[in-house]
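Presented below is the structure to which this report refers.
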Amino acid sequence: MPELPEVETVVNDLKAHNVEGQRITAVRIFWPRSVHSLPHRSINATLIGRTIKKVWRRGKYIVFDLEPDTRFLIHLRMSGRIRVVAKSARRDRHEHVCITLKNDTEIRLHDTRKFARVYIGEKAKGPLEKLGREPLAGTFEAADLLAIVRSRSRAIKPLLLDQSLIAGLGNIYTDEALWRAKVHPAKKSTALSTREAAALCRAIKAVLRKGIKYCGTSLGDGDNNFFSLGERRGRNGDRLTVYQRNGQPCLRCGHMIARIIVAQRGTHFCPQCQR
DNA sequence: AGTCTTGTTCGACT
DNA sequence: CAGTCGAACAAGAC
(Lines give C-alpha, C1' and ligand atoms only; values in the text may rest on other atoms or scores of the structure.)
Protein backbone atom coordinates (compact mmCIF):
# COMPACT_ATOMS: atom_id res chain seq x y z
CA MET A 1 0.00 0.00 0.00
CA PRO A 2 1.15 3.49 -0.68
CA GLU A 3 3.12 5.02 2.17
CA LEU A 4 5.49 7.97 2.01
CA PRO A 5 8.00 6.45 -0.47
CA GLU A 6 5.25 5.19 -2.77
CA VAL A 7 3.46 8.54 -2.76
CA GLU A 8 6.76 10.31 -3.42
CA THR A 9 7.31 7.94 -6.36
CA VAL A 10 3.87 8.75 -7.79
CA VAL A 11 4.54 12.49 -7.42
CA ASN A 12 7.85 12.14 -9.25
CA ASP A 13 6.12 10.21 -12.02
CA LEU A 14 3.37 12.83 -12.29
CA LYS A 15 6.08 15.46 -12.81
CA ALA A 16 7.72 13.24 -15.41
CA HIS A 17 4.37 13.06 -17.21
CA ASN A 18 4.34 16.86 -17.38
CA VAL A 19 1.12 17.50 -15.50
CA GLU A 20 2.63 20.67 -14.03
CA GLY A 21 1.72 23.66 -16.17
CA GLN A 22 -1.32 21.93 -17.66
CA ARG A 23 -4.78 23.48 -17.46
CA ILE A 24 -7.70 21.35 -16.32
CA THR A 25 -10.39 21.26 -18.99
CA ALA A 26 -12.87 18.71 -17.63
CA VAL A 27 -13.59 16.48 -14.64
CA ARG A 28 -15.57 13.26 -14.77
CA ILE A 29 -16.64 11.41 -11.64
CA PHE A 30 -17.94 7.87 -11.83
CA TRP A 31 -18.05 7.07 -8.11
CA PRO A 32 -19.14 10.20 -6.23
CA ARG A 33 -17.98 8.96 -2.85
CA SER A 34 -14.39 9.04 -4.12
CA VAL A 35 -14.62 12.84 -3.95
CA HIS A 36 -14.87 15.12 -0.94
CA SER A 37 -15.88 18.61 -1.99
CA LEU A 38 -17.89 21.43 -0.38
CA PRO A 39 -20.40 21.80 -1.82
CA HIS A 40 -20.18 18.75 -4.01
CA ARG A 41 -21.72 20.66 -6.94
CA SER A 42 -18.83 23.14 -7.06
CA ILE A 43 -16.28 20.61 -8.25
CA ASN A 44 -16.26 21.89 -11.82
CA ALA A 45 -16.13 25.53 -10.72
CA THR A 46 -13.17 24.79 -8.44
CA LEU A 47 -11.12 22.83 -10.96
CA ILE A 48 -11.99 23.61 -14.55
CA GLY A 49 -9.96 26.37 -16.16
CA ARG A 50 -7.31 26.30 -13.47
CA THR A 51 -3.70 25.39 -14.11
CA ILE A 52 -1.73 22.80 -12.13
CA LYS A 53 1.09 24.92 -10.78
CA LYS A 54 2.88 22.34 -8.69
CA VAL A 55 2.54 18.72 -7.60
CA TRP A 56 4.08 17.74 -4.29
CA ARG A 57 3.72 15.37 -1.34
CA ARG A 58 2.73 15.95 2.27
CA GLY A 59 2.58 12.81 4.41
CA LYS A 60 0.73 10.31 2.22
CA TYR A 61 -1.19 12.99 0.34
CA ILE A 62 -0.53 14.01 -3.25
CA VAL A 63 -1.03 17.78 -3.36
CA PHE A 64 -1.98 19.59 -6.58
CA ASP A 65 -1.49 23.35 -6.18
CA LEU A 66 -3.66 25.19 -8.68
CA GLU A 67 -3.64 28.70 -10.09
CA PRO A 68 -5.53 30.82 -9.25
CA ASP A 69 -5.13 29.94 -5.63
CA THR A 70 -6.77 26.65 -4.68
CA ARG A 71 -5.73 23.03 -4.49
CA PHE A 72 -6.89 19.46 -4.52
CA LEU A 73 -5.47 16.40 -2.79
CA ILE A 74 -5.44 12.70 -3.50
CA HIS A 75 -5.00 10.05 -0.80
CA LEU A 76 -4.53 6.56 -2.26
CA ARG A 77 -5.36 4.70 0.98
CA MET A 78 -4.92 0.96 0.41
CA SER A 79 -5.30 0.22 -3.25
CA GLY A 80 -5.54 3.54 -5.09
CA ARG A 81 -3.42 4.10 -8.18
CA ILE A 82 -2.84 7.06 -10.45
CA ARG A 83 -2.75 6.81 -14.20
CA VAL A 84 -1.97 9.44 -16.79
CA VAL A 85 -3.36 8.31 -20.15
CA ALA A 86 -4.74 9.76 -23.37
CA LYS A 87 -8.23 11.06 -22.70
CA SER A 88 -9.44 8.88 -25.57
CA ALA A 89 -8.29 5.73 -23.75
CA ARG A 90 -11.15 3.47 -22.81
CA ARG A 91 -12.10 3.88 -19.16
CA ASP A 92 -11.38 0.92 -16.92
CA ARG A 93 -14.27 0.06 -14.59
CA HIS A 94 -12.07 0.84 -11.57
CA GLU A 95 -11.21 4.35 -12.76
CA HIS A 96 -13.50 6.46 -10.57
CA VAL A 97 -12.28 10.03 -11.22
CA CYS A 98 -10.86 11.38 -14.48
CA ILE A 99 -9.32 14.84 -14.67
CA THR A 100 -8.79 15.97 -18.25
CA LEU A 101 -5.84 18.23 -19.07
CA LYS A 102 -5.27 20.71 -21.91
CA ASN A 103 -2.81 18.37 -23.64
CA ASP A 104 -5.56 15.74 -24.07
CA THR A 105 -4.26 13.46 -21.36
CA GLU A 106 -6.14 12.53 -18.20
CA ILE A 107 -5.11 11.98 -14.62
CA ARG A 108 -7.21 9.02 -13.52
CA LEU A 109 -7.79 7.63 -10.06
CA HIS A 110 -7.96 3.84 -10.25
CA ASP A 111 -9.01 1.94 -7.14
CA THR A 112 -10.47 -1.57 -6.91
CA ARG A 113 -11.49 -1.03 -3.28
CA LYS A 114 -12.81 2.52 -3.66
CA PHE A 115 -11.12 3.72 -0.45
CA ALA A 116 -8.96 6.37 -2.12
CA ARG A 117 -10.21 9.95 -1.86
CA VAL A 118 -9.91 13.20 -3.77
CA TYR A 119 -10.28 16.32 -1.58
CA ILE A 120 -11.25 19.48 -3.42
CA GLY A 121 -11.23 23.16 -2.50
CA GLU A 122 -12.28 23.84 1.10
CA LYS A 123 -12.20 20.12 1.83
CA ALA A 124 -8.53 20.07 0.87
CA LYS A 125 -7.53 22.24 3.83
CA GLY A 126 -8.41 20.09 6.82
CA PRO A 127 -6.43 16.94 6.05
CA LEU A 128 -3.08 18.71 5.70
CA GLU A 129 -3.58 20.75 8.86
CA LYS A 130 -3.94 17.59 10.93
CA LEU A 131 -0.60 16.13 9.84
CA GLY A 132 2.45 15.90 12.06
CA ARG A 133 6.12 16.21 11.19
CA GLU A 134 7.68 15.28 7.86
CA PRO A 135 10.13 12.53 8.85
CA LEU A 136 12.57 13.26 6.01
CA ALA A 137 12.83 16.97 6.74
CA GLY A 138 16.30 18.07 7.79
CA THR A 139 14.69 19.78 10.75
CA PHE A 140 13.30 16.45 12.03
CA GLU A 141 16.02 15.22 14.35
CA ALA A 142 16.55 12.75 17.17
CA ALA A 143 15.50 15.33 19.74
CA ASP A 144 12.20 15.82 17.93
CA LEU A 145 11.42 12.11 17.90
CA LEU A 146 12.42 11.90 21.55
CA ALA A 147 9.97 14.70 22.38
CA ILE A 148 7.21 12.87 20.48
CA VAL A 149 7.73 9.49 22.18
CA ARG A 150 7.87 11.19 25.58
CA SER A 151 4.67 13.14 24.88
CA ARG A 152 2.50 10.02 24.74
CA SER A 153 2.30 6.79 26.66
CA ARG A 154 1.48 4.05 24.21
CA ALA A 155 3.14 1.27 22.24
CA ILE A 156 5.79 2.66 19.90
CA LYS A 157 4.31 1.10 16.76
CA PRO A 158 0.86 2.75 16.87
CA LEU A 159 2.60 5.97 17.85
CA LEU A 160 4.71 5.85 14.68
CA LEU A 161 1.57 5.14 12.65
CA ASP A 162 -0.20 8.18 14.10
CA GLN A 163 -0.23 10.63 11.17
CA SER A 164 -0.89 13.58 13.47
CA LEU A 165 2.53 13.06 15.06
CA ILE A 166 4.70 11.86 12.15
CA ALA A 167 3.25 11.94 8.62
CA GLY A 168 3.94 9.22 6.09
CA LEU A 169 4.75 5.98 7.90
CA GLY A 170 2.50 2.96 7.31
CA ASN A 171 2.68 -0.68 8.30
CA ILE A 172 5.60 -1.66 6.07
CA TYR A 173 8.08 1.09 6.85
CA THR A 174 7.16 1.14 10.54
CA ASP A 175 8.09 -2.54 10.89
CA GLU A 176 11.24 -1.96 8.87
CA ALA A 177 12.32 1.02 10.97
CA LEU A 178 11.69 -0.73 14.29
CA TRP A 179 13.74 -3.73 13.17
CA ARG A 180 16.57 -1.51 12.01
CA ALA A 181 16.57 0.37 15.32
CA LYS A 182 16.25 -2.90 17.32
CA VAL A 183 13.14 -1.72 19.14
CA HIS A 184 10.26 -4.04 20.05
CA PRO A 185 7.06 -2.79 18.34
CA ALA A 186 4.98 -3.13 21.52
CA LYS A 187 7.48 -1.32 23.74
CA LYS A 188 5.94 1.61 25.59
CA SER A 189 7.01 4.83 23.90
CA THR A 190 7.88 6.41 27.25
CA ALA A 191 10.27 3.54 27.96
CA LEU A 192 12.51 4.34 24.99
CA SER A 193 15.97 5.55 25.95
CA THR A 194 17.50 8.65 24.39
CA ARG A 195 19.82 6.34 22.50
CA GLU A 196 16.93 4.22 21.18
CA ALA A 197 15.00 7.30 20.06
CA ALA A 198 18.05 8.55 18.18
CA ALA A 199 18.53 5.15 16.53
CA LEU A 200 14.85 5.04 15.61
CA CYS A 201 15.00 8.51 14.08
CA ARG A 202 17.94 7.45 11.92
CA ALA A 203 16.20 4.18 11.03
CA ILE A 204 13.00 5.94 9.95
CA LYS A 205 14.91 8.23 7.61
CA ALA A 206 17.01 5.36 6.26
CA VAL A 207 14.11 3.01 5.43
CA LEU A 208 12.10 5.82 3.82
CA ARG A 209 15.04 7.02 1.72
CA LYS A 210 15.72 3.45 0.64
CA GLY A 211 12.05 3.04 -0.29
CA ILE A 212 12.18 6.18 -2.42
CA LYS A 213 15.46 5.13 -4.00
CA TYR A 214 13.88 1.90 -5.24
CA CYS A 215 10.60 3.60 -6.24
CA GLY A 216 8.47 2.02 -3.54
CA THR A 217 7.43 -1.43 -2.38
CA SER A 218 5.32 -3.68 -4.63
CA LEU A 219 4.50 -7.06 -3.12
CA GLY A 220 2.85 -9.73 -5.25
CA ASP A 221 0.46 -9.01 -8.09
CA GLY A 222 -2.81 -8.52 -6.23
CA ASP A 223 -5.20 -5.64 -6.64
CA ASN A 224 -4.06 -3.90 -3.50
CA ASN A 225 -0.45 -4.09 -4.54
CA PHE A 226 1.32 -0.81 -5.21
CA PHE A 227 2.03 0.32 -8.76
CA SER A 228 3.14 3.77 -9.79
CA LEU A 229 2.21 5.42 -13.08
CA GLY A 230 2.48 3.19 -16.14
CA GLU A 231 1.86 0.15 -13.89
CA ARG A 232 5.50 0.47 -12.85
CA ARG A 233 6.48 -1.74 -9.93
CA GLY A 234 8.57 -0.55 -7.01
CA ARG A 235 11.76 -2.53 -6.50
CA ASN A 236 11.98 -2.19 -2.72
CA GLY A 237 9.99 -5.38 -2.03
CA ASP A 238 13.05 -7.60 -2.45
CA ARG A 239 14.97 -5.42 -0.04
CA LEU A 240 12.62 -5.57 2.95
CA THR A 241 14.21 -6.92 6.10
CA VAL A 242 11.21 -8.00 8.20
CA TYR A 243 7.90 -7.08 6.62
CA GLN A 244 6.14 -10.30 5.55
CA ARG A 245 9.31 -12.26 6.28
CA ASN A 246 7.75 -14.14 9.21
CA GLY A 247 9.09 -17.67 9.39
CA GLN A 248 12.31 -16.67 7.68
CA PRO A 249 15.63 -16.03 9.43
CA CYS A 250 16.48 -12.57 10.74
CA LEU A 251 19.08 -11.01 8.45
CA ARG A 252 21.01 -9.83 11.51
CA CYS A 253 20.94 -12.73 14.00
CA GLY A 254 19.34 -15.66 12.17
CA HIS A 255 16.46 -16.03 14.65
CA MET A 256 13.07 -16.67 13.05
CA ILE A 257 11.05 -13.55 12.25
CA ALA A 258 7.70 -13.55 14.08
CA ARG A 259 4.31 -12.08 13.25
CA ILE A 260 2.16 -10.75 16.05
CA ILE A 261 -0.74 -8.31 16.32
CA VAL A 262 0.02 -4.89 17.80
CA ALA A 263 -2.79 -2.36 17.94
CA GLN A 264 -4.83 -4.60 15.61
CA ARG A 265 -2.13 -4.48 12.96
CA GLY A 266 -0.10 -7.36 11.59
CA THR A 267 3.40 -6.78 12.93
CA HIS A 268 6.66 -8.40 11.88
CA PHE A 269 9.74 -8.38 14.11
CA CYS A 270 12.71 -10.36 15.38
CA PRO A 271 12.09 -11.59 18.95
CA GLN A 272 15.84 -11.97 19.41
CA CYS A 273 17.15 -8.54 18.49
CA GLN A 274 14.09 -6.39 19.16
CA ARG A 275 13.49 -6.27 22.88
C1' DA B 1 -21.93 -18.35 -1.01
C1' DG B 2 -20.46 -16.73 3.23
C1' DT B 3 -16.37 -15.34 5.89
C1' DC B 4 -12.01 -13.27 6.32
C1' DT B 5 -8.53 -9.92 5.24
C1' DT B 6 -6.50 -5.47 4.39
C1' DG B 7 -5.06 0.20 6.00
C1' DT B 8 -6.89 4.29 7.51
C1' DT B 9 -10.00 7.21 9.73
C1' DC B 10 -13.48 8.10 12.79
C1' DG B 11 -16.59 7.52 16.56
C1' DA B 12 -17.62 5.18 20.85
C1' DC B 13 -16.12 3.54 24.99
C1' DT B 14 -12.97 3.13 29.13
C1' DC C 1 -8.23 13.99 28.13
C1' DA C 2 -5.64 10.13 26.49
C1' DG C 3 -5.66 5.81 24.86
C1' DT C 4 -7.91 1.62 23.09
C1' DC C 5 -11.18 -0.78 20.47
C1' DG C 6 -14.22 -1.68 16.82
C1' DA C 7 -16.85 -0.18 12.80
C1' DA C 8 -16.99 1.27 8.21
C1' DC C 9 -15.28 1.50 3.76
C1' DA C 10 -15.27 -2.32 -0.74
C1' DA C 11 -13.91 -6.10 -3.16
C1' DG C 12 -10.90 -9.96 -3.84
C1' DA C 13 -9.28 -14.44 -1.88
C1' DC C 14 -10.43 -18.48 0.01
Side-chain angles (χ1 to χ4, degrees), chain A residues 1-10 29-38 40 57-63 73-82 92-97 109-119 123-132 135 147-178 185-192 207-208 211 216-227 234 236-237 240 242-246 259-268:
Chain A
M1 334 79 270
E3 303 177 26
L4 188 155
E6 288 74 31
V7 177
E8 181 99 0
T9 299
V10 170
I29 295 161
F30 299 90
W31 185 256
R33 285 206 276 186
S34 295
V35 177
H36 285 184
S37 181
L38 200 68
H40 207 267
R57 180 194 60 72
R58 174 77 172 101
K60 301 179 195 174
Y61 290 88
I62 306 166
V63 186
L73 316 175
I74 298 178
H75 195 301
L76 299 172
R77 300 292 268 282
M78 292 169 65
S79 54
R81 297 177 193 171
I82 299 289
D92 180 288
R93 69 189 188 95
H94 296 301
E95 290 172 344
H96 307 307
V97 180
L109 174 63
H110 176 284
D111 190 4
T112 53
R113 302 251 172 112
K114 296 179 176 169
F115 288 172
R117 290 289 177 266
V118 182
Y119 302 80
K123 285 281 190 185
K125 292 180 177 170
L128 296 189
E129 287 168 2
K130 296 187 191 94
L131 294 178
I148 288 171
V149 303
R150 294 269 160 90
S151 73
R152 298 284 195 285
S153 177
R154 56 195 301 204
I156 185 66
K157 169 152 175 168
L159 184 147
L160 293 179
L161 290 170
D162 188 333
Q163 303 297 303
S164 72
L165 300 175
I166 302 169
L169 289 170
N171 214 26
I172 297 175
Y173 294 96
T174 297
D175 282 1
E176 292 295 301
L178 287 167
K187 183 164 182 162
K188 272 272 189 287
S189 59
T190 43
L192 260 72
V207 298
L208 293 176
T217 300
S218 298
L219 290 168
D221 298 301
D223 278 303
N224 35 343
N225 186 28
F226 166 74
F227 288 90
N236 195 52
L240 296 178
V242 276
Y243 187 78
Q244 287 190 359
R245 288 196 66 250
N246 39 312
R259 184 180 188 276
I260 58 172
I261 302 294
V262 177
Q264 297 103 245
R265 311 295 301 279
T267 299
H268 315 77

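Chain letters run A, B, ... following the sequence lines, proteins first and then strands; every chain starts at 1. Bear in mind the structure is a predicted one, so any value in this text is a computation, not a measurement.
A perpendicular orientation is assigned to the rings of A:His75 and A:Tyr61, their planes being inclined by more than 60° (bins at 30° and 60°).
The shortest side-chain heavy-atom distance between A:Pro5 and A:Asn236 does not fall under the 4.5 Å cut-off. Counting heavy atoms from C-beta outward, A:Pro127 and A:Leu73 have side chains that approach closer than 4.5 Å.
For A:Asp111 and B:dT6, the CG to P distance is 18 Å, given to the nearest whole Å. The separation between A:His110 atom NE2 and C:dG12 atom C1' is 13 Å, rounded to whole Å. Straight-line distance from the CG atom of A:Leu109 to the C1' atom of C:dA10: 14 Å, rounded to whole Å. Between the NZ atom of A:Lys114 and the C1' atom of C:dA8 there is a distance of 15 Å, rounded to whole Å. As rounded to whole Å, 15 Å separates atom P of C:dC5 from atom NZ of A:Lys157. Counting to the nearest Å, the C1' atom of B:dT6 and the CD1 atom of A:Ile261 are 11 Å from each other. Protein atom CZ of A:Arg150 is 18 Å distant from nucleotide atom P of C:dA2, rounded to whole Å.
A:Gln163 places a side-chain N or O within donor-acceptor distance of the main-chain N or O of A:Leu161, the cut-off being under 3.5 Å. The main-chain N or O of A:Arg154 is found under 3.5 Å from a side-chain atom of A:Ser189 such that the two form a donor-acceptor pair. Here the side chain of A:His96 pairs no donor or acceptor atom with the backbone of A:Lys114 at under 3.5 angstrom. The closest donor-acceptor contact from the side chain of A:Arg117 to the backbone of A:Arg33 lies under 3.5 Å.
Pairing for B:dA1 is absent, with no Watson-Crick or G-U wobble pair whose two atom distances lie under 3.5 Å.
Contact annotation: A:Arg152 side-chain N/O to C:dG3 OP1/OP2 distance is under 4.0 Å.
Here A:Arg93 lies in heavy-atom contact (under 4.0 Å) with sugar-phosphate atoms only.
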*Reading nucleotides 7-14 of chain B 5' to 3', which nucleotides get B (base under 4.0 Å from a protein heavy atom), which S (sugar-phosphate only), which -?*
BBS-----
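In terms of polar N and O atoms assigned as donor or acceptor, the side chain of A:Arg154 never comes within less than 3.5 Å of the base of C:dT4 in a complementary pairing.
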